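Heads up, the thing below is written out as structure tokens.
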2 protein chains.
Amino acid sequence: MSWSKQDRKRRGYHHGNLREALVAAALDLIDAKGPAGFTFADAARAAGVSPAAPYRHFRDREALLADVARRGFEKFADQLDRAWNNGQPGPMQALENLGRAYLAFAENEPAYYAAMFEAQLPRDIDRELSEAGDRAFAVLRQAAEALCATLPKDRRPPTLMVSLHIWALSHGIASLFARGDAARRALPMAPQDLLEAGVLIYLDGLGLTGEHNR
Amino acid sequence: MSWSKQDRKRRGYHHGNLREALVAAALDLIDAKGPAGFTFADAARAAGVSPAAPYRHFRDREALLADVARRGFEKFADQLDRAWNNGQPGPMQALENLGRAYLAFAENEPAYYAAMFEAQLPRDIDRELSEAGDRAFAVLRQAAEALCATLPKDRRPPTLMVSLHIWALSHGIASLFARGDAARRALPMAPQDLLEAGVLIYLDGLGLTGEHNR
DNA sequence: GAATCTATGTTAAAGCTCTTTACATGAGCT
DNA sequence: AGCTCATGTAAAGAGCTTTAACATAGATTC
């Protein structure tokens, strides 16, 4: 599993899987000290190689972080898509699943989430990164579309706006409350329940009462 | 205005206002490269003093950042409180003002906002810091209270929950969209309008229709 | 107004760490 | 076996952090 220094003799001069090991090391280090809390050399140390070795695989620390973020967005998009499950069994239930999956990801993969949203990476640093981000957002967008479609045309809000509201509320709750992190504030209820309640109230405001779609 | 190196002869041996100059330098540097993008020595350079000088005013870089964050929360609380204006002229209008002030702060003071919410400072690093944060949140809490009070008791939601929803939506929009930063995503409408629409829909869902309170 | 005290600077140096350059190794191919 | 290239190491240069020793000047006291 881990390619630590102990395996040095067995592996010999070459690591064999350094790129992956560096990504894994970065995730551990982000968990421990945040996306800004470690250096390229730290990652090398954690992977059991010399400080110069990572430069064979990533241009610099930022490129490593960008790769972590890209992988994070891909995992994220997958999990959101699976939770949405093509809107089955119904838009409302599927949206609830989607929201729970959103916060579950932030809670269970805080390192990925931090790399994705808190590492302050320039959006244009990498095309694959921004495309992966777009794929994740597309799931939310699709869900908003399905929900809006259940409303009569004359009372149908812009789906882009609805998806942005849901995203912003989810992200707000995730980043303020849903991470194990001591930097976060205490809450009177589970983040998932807070989000679910918020979304239900919001949908009610749109005229989407529960009975119609559950 | 600026206490740069050029003023060195005029000011002589002592800076005269180094503590403030360091805070100003930190804000500039955060604007330019993010809360993690500069060193203690950089701040000293920007203030035109030797690398050791800052230690007379802050224990370390983190303490400087914490002071910036504290000042930010205090400014933030002030501006929110002024926007809320004791709920005048009515809870709905005052809330809209509050929301706009929230996003205006994130937009106009991105360095403060970043220090407050993205610097990953341990919450317990400083009592004054966490108290200042509490004061800012208290304004939102107060607004939620006033809004909920306009509802009949049997349909009145928990005010803490309502304040958390509004905070999360505001913070989500601010951190995803409302910073000049190239890291942010493009938007089809002004962040302020996005927030206002979201809050109106949400309040509608609570049963607070505009007419009653405007 | 002179002496002293204290706050706030500077310089210098030790100890780290990052980053880069030049070199070493070994896996795959012919 | 020998070539070649990808992937590692080692060593050196540069910068940051922190401390200790010293310098300056504003404030206080007599």
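FYI, side chains are in, hydrogens and waters are out, and symmetry mates aren't considered; it's all heavy atoms of this structure. All values derive from a computational prediction rather than experimental measurement. Chain identifiers are assigned alphabetically (A, B, ...) following the order of the sequence lines, protein sequences preceding nucleic acid strands; residue numbering begins at 1 within each chain.
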At what distance, to the nearest 0.5 angstrom, does OH of Tyr102(A) lie from CG of Leu95(A)?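 Reported to 0.5 Å precision, the distance equals 13.0 Å.
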Stepwise ring pair (Phe, Tyr, Trp, His ring centres under 6.0 Å) test for Phe137(B) and Phe76(B): CA-CA 10 Å; Phe137(B) 175 60; Phe76(B) 191 45; over 10 Å; no
Give Ala53(A) one of three labels, base, sugar-phosphate or nothing, depending on what nucleic acid heavy atoms sit under 4.0 Å from its own.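 Base: the residue Ala53(A), judged by heavy atoms under 4.0 Å, touches a nucleobase.
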With a 4.0 Å cut-off on heavy atoms, is Ser50(A) in touch with a base, just the backbone sugar-phosphate, or nothing at all?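 Since a base atom lies under 4.0 Å of Ser50(A), the category is base.
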Verify ring pair (Phe, Tyr, Trp, His ring centres under 6.0 Å) between Tyr55(B) and Phe40(B), making sure each step is shown before the conclusion. CA-CA 9 Å; Tyr55(B) 289 88; Phe40(B) 216 29; 5.0 Å; yes
Given dG15(D), is OP1 or OP2 found less than 4.0 Å from the side-chain N or O atoms of Thr39(B)?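 Checking dG15(D) against Thr39(B), no side-chain N or O comes under 4.0 Å of OP1 or OP2.
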Do any side-chain nitrogens or oxygens of His57(B) fall under 4.0 Å of OP1 or OP2 in dG9(C)?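 For dG9(C), OP1/OP2 do have a side-chain N/O of His57(B) under 4.0 Å.
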Interface polar pairs with nucleotides 18-22 of chain D, N/O, under 3.5 angstrom:
unit_1: dT18(D); atom_1: OP2; unit_2: Tyr55(B); atom_2: OH; d: 2.5

Round to the nearest Å and state the distance from [X] atom [atom1] to [N] atom [atom2].
X	N	atom1	atom2	answer
Arg19(B)	dT8(C)	CZ	P	10 Å
Phe58(B)	dT17(D)	CZ	P	15 Å
Leu18(A)	dT9(D)	CG	C1'	13 Å
His15(B)	dT24(D)	NE2	P	19 Å
Arg45(A)	dT9(D)	CZ	P	13 Å
Phe38(B)	dG15(D)	CZ	P	19 Å

Suppose we screen for side-chain contact (heavy atoms from CB on, under 4.5 Å). Which residues come up paired with Asp126(B), at least two apart in sequence or across chains?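 Once residues adjacent in sequence are excluded, the partners of Asp126(B) under the side-chain contact (heavy atoms from CB on, under 4.5 Å) criterion are Glu128(B), Leu129(B).
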Has Asp60(A) got a side-chain atom pairing as donor or acceptor with Glu62(A)'s backbone, closer than 3.5 angstrom?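 It does hold such a pair.
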Looking at residues at least two apart in the chain, or sitting in another chain, which of them share a ring-ring contact (aromatic ring centres under 6.0 Å, His included) with Tyr202(B)?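 ring-ring contact (aromatic ring centres under 6.0 Å, His included) list for Tyr202(B), sorted by chain: His165(B).
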